[in-house]
Chemist: 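Pasting a structure below so you can have a look.
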Amino acid sequence: MTVETERVLLRPFEPKDAKGLFEMDSNPKVHLYLGNKPIKDFEKAKEVVAMVIEQHKKNGIARWTAIEKSTGNYMGWSGIKLYQKECCGHINFYEIGYRFKPEYWNKGFATETAKAALDYTFNVLKADTAYGMTHNENLASKRVLEKTGFVKTAEYVEDGIPCFFFENKNPDTQH
């Protein structure tokens with residue numbers, strides 16, 4: 001199963017994605033709004049990839065690896081996660097998220113892939129609502145969610161990090 005946008009191929013994680021994930025998640029810039037905890041070793045990247053593959057098997061959905069169509073290069077990840085912890089009064093909901101290597105920032109890739117994930121959430125998964133979360137100082141991520149039609153509905157703190165909680169209602173299921 002793959003999802004394509006104009007410039008990006010989104011596909012389920014594979015073990016070979018650990019290399020690109022390590023390059024991305026070991027970069028302190030990438031983790032600025034993620035608690036400043038970049039990963040330190042390749043084994044951790046392999047564990048993360050294995051965890052996402054297991055989420056996909058268990059839940060039928062998980063984040064997708066993002067591949068630049070024009071080059072075949074690993075860009076990062078984007079897509080949907082079944083969020084199974086409680087957050088802002090919600091539990092077991094579809095959360096749209098994205099993380100890209102810095103060379104792909106500010107080029108519209110997060111918005112492009114978030115729109116594709118939202119479309120998948122509403123039209124394939126038939127969800128009434130999709131959710132998004134971001135560190136409240138991560139203005140770029142906040143803009144992506146807003147450009148994709150999300151509305152901030154709450155604020156919360158996770159691991160000491162102040163965050164915004166967003167919702168996007170499926171227009172086909174609203175009365």
Side-chain angles (χ1 to χ4, degrees), residues 1-5 8-26 30-31 33-35 37-68 74-101 109-135 138 141 144-145 148-150 153-154 156-159 161 163-170 172-173:
M1 180 220 60
T2 61
V3 173
E4 290 192 45
T5 69
V8 182
L9 172 69
L10 299 166
R11 61 154 174 78
F13 271 59
E14 298 173 1
K16 68 181 180 182
D17 296 325
K19 180 181 183 293
L21 186 93
F22 178 72
E23 290 170 3
M24 177 179 69
D25 275 347
S26 62
V30 173
H31 280 261
Y33 300 112
L34 300 170
K37 298 176 189 168
I39 62 175
K40 304 269 191 250
D41 61 71
F42 186 67
E43 286 305 310
K44 179 64 177 171
K46 287 171 37 177
E47 289 173 20
V48 170
V49 168
M51 178 192 67
V52 176
I53 290 170
E54 186 58 33
Q55 285 175 350
H56 193 264
K57 287 178 189 172
K58 181 180 169 196
N59 302 323
I61 194 70
R63 306 286 197 215
W64 296 308
T65 293
I67 303 295
E68 187 176 27
Y74 177 95
M75 304 169 72
W77 56 258
S78 186
I80 308 153
K81 174 182 178 178
L82 178 61
Y83 199 88
Q84 296 178 297
K85 297 187 298 183
E86 189 279 331
C87 186
C88 298
H90 301 279
I91 193 166
N92 293 325
F93 57 87
Y94 292 119
E95 182 230 353
I96 307 294
Y98 34 81
R99 185 177 305 162
F100 288 91
K101 293 168 112 179
F109 289 112
T111 302
E112 184 176 322
T113 59
K115 286 178 180 177
L118 186 65
D119 181 67
Y120 191 94
T121 302
F122 289 159
N123 296 311
V124 177
L125 300 175
K126 304 295 185 193
D128 291 332
T129 308
Y131 299 88
M133 299 176 271
T134 188
H135 186 299
N138 189 343
S141 184
V144 168
L145 290 168
T148 312
F150 285 82
T153 58
Y156 67 102
V157 176
E158 184 171 344
D159 298 329
I161 300 170
C163 299
F164 291 142
F165 189 80
F166 289 80
E167 296 184 18
N168 191 327
K169 302 282 187 191
N170 184 340
D172 294 335
T173 63

Chemist: Measure across Asn168 and Phe122 and return the closest heavy-atom pair with its distance rounded to 0.1 Å.
Modeler: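 Between these two residues, the closest heavy atoms are O-CZ, 3.3 Å.
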Chemist: If you take all heavy atoms of Tyr74 and Asp17, which pair is closest and at what distance?
Modeler: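 Looks like CE1-O, 4.0 Å.
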Chemist: Does a side-chain heavy-atom distance below 4.5 Å link Ser78 with Phe109?
Modeler: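 No; the side chains remain at least 4.5 Å from each other.
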Chemist: Would Trp77 and Met24 count as a side chain to side chain contact (heavy atoms under 4.5 Å, CB included) if you check the C-alpha gap in whole Å, the side-chain angles of each, and the deciding distance to 0.1 Å?
Modeler: CA-CA 10 Å; Trp77 56 258; Met24 177 179 69; 3.6 Å; yes
Chemist: Okay, side chain of Asn170, backbone of Asp172: is any donor-acceptor separation there less than 3.5 Å?
Modeler: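 Confirmed, Asn170 side chain pairs with Asp172 backbone.
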Chemist: CE/Met51 to CZ/Phe13 distance, rounded to the nearest 0.5 angstrom?
Modeler: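 Here the interatomic distance stands at 8.5 Å.
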Chemist: Atom CG of Leu118 and atom OG1 of Thr111: how far apart are they, to the nearest 0.5 Å?
Modeler: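 If I round to the nearest 0.5 Å, the distance is 12.0 Å.
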Chemist: May I ask you to test the Ile67-Arg11 pair for a side-chain heavy-atom distance under 4.5 Å?
Modeler: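 The answer is yes; the side chains approach within 4.5 Å.
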Chemist: Looking just at side-chain N and O atoms, do Tyr98 and Ser141 make a donor-acceptor pair shorter than 3.5 Å?
Modeler: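 Distance-only check passes for Tyr98 and Ser141.
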Chemist: May I have all residue pairs that pass salt bridge (charged side-chain N to carboxylate O under 4.0 Å, His left out) and include part of residues 79-96, sequence neighbours excluded?
Modeler: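 Sorted pair list: Arg63-Glu95, Lys85-Glu158.
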Chemist: In this structure, which one of Thr153, Thr134, Ile96 forms a side-chain contact (heavy atoms from CB on, under 4.5 Å) with Phe166?
Modeler: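 Checked Thr153, Thr134, Ile96 against Phe166; only one passes side-chain contact (heavy atoms from CB on, under 4.5 Å): Thr134.
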Chemist: Please report the interatomic distance CD1(Ile161) to CG(Asn138), rounded to the nearest 0.5 Å.
Modeler: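 Answer for the CD1-CG pair, Ile161 versus Asn138, is 10.5 Å.
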Chemist: Looking at every non-hydrogen atom in both residues, tell me the closest pair between Ala110 and Phe100 and how far apart they are.
Modeler: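 For Ala110 versus Phe100, the nearest heavy atoms are CA-CE1, 3.6 Å.
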Chemist: Who are the salt bridge (Lys or Arg N to Asp or Glu O under 4.0 Å) partners of Lys58, not counting sequence neighbours?
Modeler: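 None.
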Chemist: With a 4.5 Å heavy-atom cut-off, do Gln84 and Asn59 have their side chains touching?
Modeler: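 Result yes, sub-4.5 Å side-chain heavy-atom pair found.
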Chemist: If you measure from CD1 on Ile53 to CD on Glu14, what distance do you get to the nearest 0.5 Å?
Modeler: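 That separation rounds to 7.5 Å.
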Chemist: Rounded to the nearest 0.5 Å, what's the gap from CG on Leu21 to CZ on Arg99? Could you check?
Modeler: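 Reported to 0.5 Å precision, the distance equals 7.5 Å.
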Chemist: Testing Tyr83, Tyr131, Phe150 for ring pair (Phe, Tyr, Trp, His ring centres under 6.0 Å) with Phe165, which one passes?
Modeler: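 Passing option: Tyr131.
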Chemist: Taking atom CG of Asp128 and atom CD of Glu167, what is their separation to the nearest 0.5 Å?
Modeler: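 Answer rounded to 0.5 Å: 11.5 Å.
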Chemist: Checking His31 side chain against Ser26 main chain: does a donor-acceptor pair fall under 3.5 Å?
Modeler: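 Side chain of His31 to backbone of Ser26: no pair is present.
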Chemist: Considering non-hydrogen atoms only, spot the tightest contact between Leu34 and Val30 and give its length.
Modeler: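 Scanning both residues, the minimum pair turns out to be CD1-O, 3.5 Å.
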Chemist: Locate the shortest heavy-atom distance separating Pro15 from Val49; write the atom from each residue and the value.
Modeler: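 That would be CA-CG1, 3.9 Å.
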Chemist: Can you tell if the side chain of Thr113 reaches within under 4.5 Å of the side chain of Trp64, non-hydrogen atoms only?
Modeler: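 A side-chain contact under 4.5 Å is absent here.
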Chemist: Minimum heavy-atom separation for Val52 and Ala62, please, with both atom names.
Modeler: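 Nearest heavy atoms, Val52 then Ala62: O-CB, 3.6 Å.
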